[in-house]
Amino acid sequence: MINNQNYIEVIGARTHNLKNISVSIPHQKLIVITGLSGSGKSSLAFDTIFAEGQRRYLETYNAYARQFVGHLTKPDVDKINGLSPVIAIEQKTVSKNPRSTVGTITEIYDYLRLLFARASTAISPETGLEMISYTQKEIIDLIKIEQENNTVTLIAPLINSRKGHYRELFEQAFKQGFSKVLINSKIVDIELGMRLDRYKTHDIGLVVDRIKVNEKNTKRLENSISMCLQKGKGEITIINQVEEKKTYSKWLMCSATGTTLNEPEPNIFSFNSPKGACKKCNGLGSIYEVEFEKIIPDNKKSIRKGGIEPLGYFERNWTFKQIETLLKYNNFSLDTPIKDIEESCLHKILYGTTEFVKVLGENGVHDVLNGFEGVVNFISRHHKEGGNKIKRWASSFMNKKVCPECKGSRLSTESNWYKVGNTSINELTKMEISELQQWVQNINKRLGKNQQLIAKELLKELSNRIGFLINVGLDYLSLNLPAATLSGGEAQRIRLASQIGSELTGVLYILDEPSIGLHQRDNYRLINSLKELRNKGNTIIVVEHDKDIMNEADEVIDIGPGAGVLGGEIIAQNAPKKLNPKKSVTAKYLQNNSGIKENLRSYDLKNAITLEGATGNNLKEVTATFPLNCFTCVTGVSGSGKSTLINETLFPILNKYVYKAVKTPLPYKKIKGLELIDKVIGINQSPIGRTPRSNPATYTGIFNLIRDLFAQLTEAKIRGYKPGRFSFNVKGGRCETCSGAGMKLIEMNFLPDVYVKCDQCNGKRYNRETLEVKFKGKSINDVLSLTVSEATHFFKEVSFIYDKIKVLEDVGLGYVHLGQSSTTLSGGEAQRIKLATELSKKETGNTFYILDEPTTGLHHEDINLLLKVLNQLVDNGNTVLVIEHNMDVIKEADYIVDMGPDGGKNGGEIIFEGKPNDLLKNSLSHTGKFLDLE
């Protein structure tokens with residue numbers, strides 16, 4: 001080992017599958033850790049280096065503070081030298097909070113709020129004139145100049161367009177010594193007992209003084225104006241001798257209409273503050289509304305037969321009793337088909353009524369109903385107030401819709417009245433980042449001198465932060481985009497942009513595949529950002545499979561040679577061009593430039609699904625054809641509209657057609673060819689359950705089949721064991737000492753909590769009696785300890801289990817243990833388990849598979865395995881459609897749909913449909929250019 005502070009020295013790392021490895025990583029360099037999926041890359045980078053850095057940071061807290069922040073276990077490593085402060089930028093860190101947006105997580109929105117609070121101009125919504133506010137001194141000076149030598153009446157506005165008789169108001173004014181009031185533009189004397197028509201709207205002002213404006217009356221004028229502003233809460237109206245009326249205000253005010261506004265402050269532009277949030281949606285930008293079609297899916301049914309979905313079939317309960325009384329009162333019954341019930345009666349059942357209803361019931365006793373809440377109101381109430389379970393039930397009858405009041409901007413209407421350079425903050429948050437950058441660069445010329453002075457530093461900071469986002473290839477996003485809709489790669493690049501902006505030095509950054517979801521065209525931007533971070537004196541470790549990033553790295557560490565128990569060793573460490581292809585699979589990949597697949601499948605455009613007139617998000621009246629029984633790739637730069645077209649338009653249409661799913665697709669005109677498919681399967685990027693009790697066997701459903709098999713064994717039948725006996729999640733067969741976990745948690749107050757093997761079951765999860773039931777000499781725990789490859793041989797004769805396990809092996813997961821905890825699986829492994837689960841379902845030959853970037857987290861060798869499985873599906877007569885940036889996959893496609901030409905508003909069009917070789921000739925296609933270079 002190199003004993004030098006210019007290196008991070010990891011000595012004897014044994015975390016997960018690492019085999020006591022030692023490695024030296026140079027400081028202030030860009031290092032790529034690569035290798036097959038499951039070979040131990042994340043175990044070295046995150047579970048060893050980052051975990052130790054995090055633990056050391058927590059060790060700096062005092063003992064009292066540490067008991068609140070929790071304790072981290074020391075990773076299984078002998079020693080780590082030269083470790084600087086560590087920041088991990090992972091894919092999992094995207095916020096699911098509905099209030100979190102791109103603007104809030106990048107802090108750009110905070111700077112915009114400050115800009116609008118300090119440098120905005122209020123514009124009247126009625127007249128379009130600038131709204132002006134004055135100080136008391138300015139009001140006095142203006143009246144002296146404008147009304148010189150005029151006799152004016154000074155009035156304090158009290159009531160503006162409100163109903164009421166206002167007797168008490170007049171009495172109070174009279175007691176205070178005032179004798180006249182202005183009522184609806186007429187000055188009248190105050191009389192005892194005076195009152196107005198309480199059902200009409202009135203404007204009322206208090207006449208404070210009538211005075212000639214000249215030098216002699218200056219003191220009196222100033223006192224009267226001061227009293228007017230006090231009584232009128234910052235407003236004063238004057239009427240001169242020719243009946244000209246003018247209003248001045250300490251608040252922002254439209255001189256023509258008298259509309260007033262508060263002075264702008266940052267929380268007026270915050271959708272997380274009651275002052276700025278839209279009152280209808282509370283700053284969320286969307287509302288949930290009960291969908292009529294979900295409440296009554298079939299109006300031919302009667303209420304007794306379950307016509308109202310949330311109520312189900314008839315039961316003897318209070319709700320059905322109330323509905324029956326309402327129906328009787330309107331001459332209907334529970335057996336009347338819903339379509340035959342009068343609209344007014346159905347409206348009362350769904351939306352409630354307050355009327356008193358009395359009908360003659362059974363045995364001559366009257367049934368009485370004093371109002372009814374209504375099914376829709378009942379669902380809405382529980383969606384707002386219920387617990388998690390009842391909320392989920394209520395939301396199944398509701399649809400999420402854009403708030404009709406704020407149109408999705410999240411802010412109150414008043415926020416639109418404040419403008420900087422004639423643009424409101426809502427308009428800015430809807431712009432793409434690239435468009436926003438142009439606005440920030442050009443706005444200074446349109447500001448006044450004072451505004452320029454205030455905005456100078458804010459605009460500089462905005463320009464820097466927007467620039468960082470553009471540098472990591474996110475110019476197509478907008479600030480109001482919810483954080484929950486970002487892909488793992490996008491969220492990671494946003495955090496990377498924030499870190500570049502923080503100007504830290506001497507830090508170790510660890511990134512987990514930042515190129516995910518990024519087109520080859522934008523890779524150079526990402527690489528430049530990583531180099532910029534390195535050049536500031538930081539060390540960058542990237543866990544990555546991307547060829548471009550590996551070629552640009554200072555050093556590549558290849559972990560292998562295989563995956564799982566076959567990996568965990570360092571097989572090569574050198575500059576990318578100096579890697580030995582005889583030792584390293586990665587070196588072979590970096591030096592290999594294989595062309596487009598020669599023998600493409602033929603396809604018939606008549607045997608295809610055609611989607612016409614898709615206009616969701618940035619799509620521009622798109623018409624796309626997807627031929628069946630072939631391998632189709634949808635490509636295009638980030639933000640060009642691939643996910644909108646496939647995940648949000650095509651997939652929901654197919655899902656609705658095949659499974660009667662309720663998700664509404666984005667707008668489109670029509671679709672042809674649905675009758676040609678009978679099944680659709682979509683696999684997205686969301687991870688599988690990550691609780692310690694979740695494992696590949698439970699997720700794929702294999703464990704249910706294994707438990708059924710064990711319950712059918714003679715020994716189990718004699719003992720009366722059911723499948724539940726072989727579950728480690730329920731009482732009965734599990735070890736109760738550790739509740740089926742196999743490990744016990746020992747809490748150590750000022751030391752990390754320790755997991756130790758359960759002394760009762762010795763880590764086997766089950767009690768002695770359950771473990772006595774054996775299949776081919778193995779207990780249920782022994783089966784869970786098998787790797788997928790071992791299980792394939794073990795269950796070879798049990799076809800219904802073998803078929804499912806074989807698929808796991810086919811997608812390259814032979815080294816994973818059936819009972820391996822989900823928390824120890826890498827992102828690529830979790831993705832492939834999900835894929836295997838779908839592939840193991842019975843195929844019909846007319847199945848349409850939709851996969852969203854299935855190569856996420858996969859090494860080139862693993863991609864070949866995946867392509868083999870996908871091609872097998874197509875050969876069996878199915879259709880596979882993949883959204884992908886990976887050139888290895890695109891080369892294998894029979895048919896390509898390329899979107900672009902760019903992202904955001906410059907995308908949303910199909911620029912090419914056809915064979916890969918023809919794409920090379922398309923000058924508009926960025927994908928074609930990079931396919932040609934490969």
Exercise. Do other residues, nucleotides or ligands put more than 12 heavy atoms under 6.0 Å from the NZ atom of Lys280?
Worked result: no

Exercise. So, Ser529 side chain and Arg525 main chain: donor-acceptor pair closer than 3.5 Å or not?
Worked result: yes

Seminar exercise, completed: Looking only at heavy atoms, the pair that brings Leu411 and Ile268 closest together is CD2-O, 4.3 Å

For this session: Applying side-chain hydrogen bond (donor to acceptor under 3.5 Å, both in side chains), name anything that partners Arg381, two or more places apart in sequence or on another chain.
Result: Glu373

For this session: Would you name the heavy atoms of Thr423 and Leu428 that are closest together and state the gap between them?
Result: CG2-CD2, 3.7 Å

Exercise. Can you check whether Pro514 reaches Val542 side chain to side chain, under 4.5 Å on heavy atoms?
Worked result: yes

Exercise. Under a 4.5 Å cut-off applied to non-hydrogen side-chain atoms, are Ile123 and Asn416 in contact?
Worked result: no

Problem set entry | Heavy-atom side-chain proximity of Lys246 to Thr237 below 4.5 angstrom | no

For this session: Using the side chain to side chain contact (heavy atoms under 4.5 Å, CB included) rule, pick out the option among Val86, Leu504, Leu30, Leu530 that qualifies with Tyr509.
Result: Leu504

For this session: Mind listing the closest non-hydrogen atom pair of Ala119 and Val420 along with its distance?
Result: O-CG2, 4.0 Å

Exercise. If we only count heavy atoms from C-beta on, is the Leu645 to Ile883 side-chain gap below 4.5 Å?
Worked result: no

Problem set entry | Enclosure of Lys620 NZ (heavy-atom neighbours >12, cutoff 6.0 Å) | yes

Problem set entry | Minimal non-hydrogen separation, Gly636 against Lys642, with atom names | O-NZ, 3.1 Å

Problem set entry | Stepwise side-chain contact (heavy atoms from CB on, under 4.5 Å) check, Ser478 with Glu435 | CA-CA 9 Å; Ser478 60; Glu435 204 179 335; over 6 Å; no

Exercise. To the nearest 0.5 Å, what is the distance between OH (Tyr248) and CD1 (Ile140)?
Worked result: 12.0 Å

Seminar exercise, completed: Nearest heavy-atom contact between Glu884 and Thr635 is O-CG2, 3.7 Å

Problem set entry | Set of residues satisfying side-chain hydrogen bond (donor to acceptor under 3.5 Å, both in side chains) with respect to Lys137, sequence neighbours excluded | Asp141

For this session: Could you tell me which residues satisfy side-chain hydrogen bond (donor to acceptor under 3.5 Å, both in side chains) with Gln437, sequence neighbours excluded, listed by chain and number?
Result: none

For this session: Kindly determine whether Tyr476 and Leu474 satisfy side-chain contact (heavy atoms from CB on, under 4.5 Å), including the steps that lead there.
Result: CA-CA 5 Å; Tyr476 57 91; Leu474 294 173; 3.9 Å; yes

Problem set entry | Ring geometry between Phe930 and His519 (parallel below 30°, tilted from 30 to 60°, perpendicular above 60°) | perpendicular

Exercise. With side chains defined as the heavy atoms from C-beta onward, is the minimum distance between Arg113 and Ile425 less than 4.5 Å?
Worked result: yes

Problem set entry | Lys536 atom NZ: more than 12 heavy-atom contacts under 6.0 Å | yes

Problem set entry | Neighbour count above 12 (heavy atom, 6.0 Å) for Trp251 CH2 | no

For this session: Determine whether more than 12 heavy atoms belonging to other residues, nucleotides or ligands lie under 6.0 Å from atom NZ of Lys391.
Result: yes

Seminar exercise, completed: For Ala277 and Asn282 the tightest heavy-atom approach is CB-C, 4.0 Å

Problem set entry | Flag for Glu107-Ser498: side-chain donor and acceptor within less than 3.5 Å | no

For this session: For the residue pair Tyr109 and Thr101, establish whether any side-chain heavy-atom pair is separated by less than 4.5 Å.
Result: no

For this session: State whether the number of non-hydrogen atoms from other residues, nucleotides or ligands found under 6.0 Å of Asn442 atom CG is greater than 12.
Result: yes

Seminar exercise, completed: Of Arg493, Gln520, Glu544, the one forming a side-chain hydrogen bond (donor to acceptor under 3.5 Å, both in side chains) with Ser515 is Glu544

Problem set entry | No-hydrogen, no-angle side-chain donor-acceptor test under 3.5 Å, His926 and Asp902 | yes

For this session: Indicate yes or no: does Asp110 engage Arg465 in a salt bridge with an N to O separation below 4.0 Å.
Result: no

Problem set entry | Lys29 atom NZ: more than 12 heavy-atom contacts under 6.0 Å | no

For this session: Using the side-chain contact (heavy atoms from CB on, under 4.5 Å) rule, take Glu432 and Asn618 through it: C-alpha gap first, then chi angles, then the decisive distance, then the call.
Result: CA-CA 11 Å; Glu432 285 171 17; Asn618 66 333; 5.8 Å; no

For this session: Would you check if Tyr418 and Leu261 make a side-chain contact, meaning some heavy-atom pair closer than 4.5 Å?
Result: yes

For this session: Could you please spell out the steps behind the side-chain contact (heavy atoms from CB on, under 4.5 Å) verdict for Leu508 and Ile49?
Result: CA-CA 10 Å; Leu508 168 62; Ile49 298 172; 3.7 Å; yes

Exercise. Under 4.5 Å between any side-chain heavy atoms of Cys278 and Arg410, yes or no?
Worked result: no

Problem set entry | Gln230 backbone acceptor or donor facing Lys233 side chain under 3.5 Å | no

Exercise. Any chance NZ of Lys905 has more than 12 other-residue heavy atoms, nucleotides or ligands included, within less than 6.0 Å?
Worked result: no

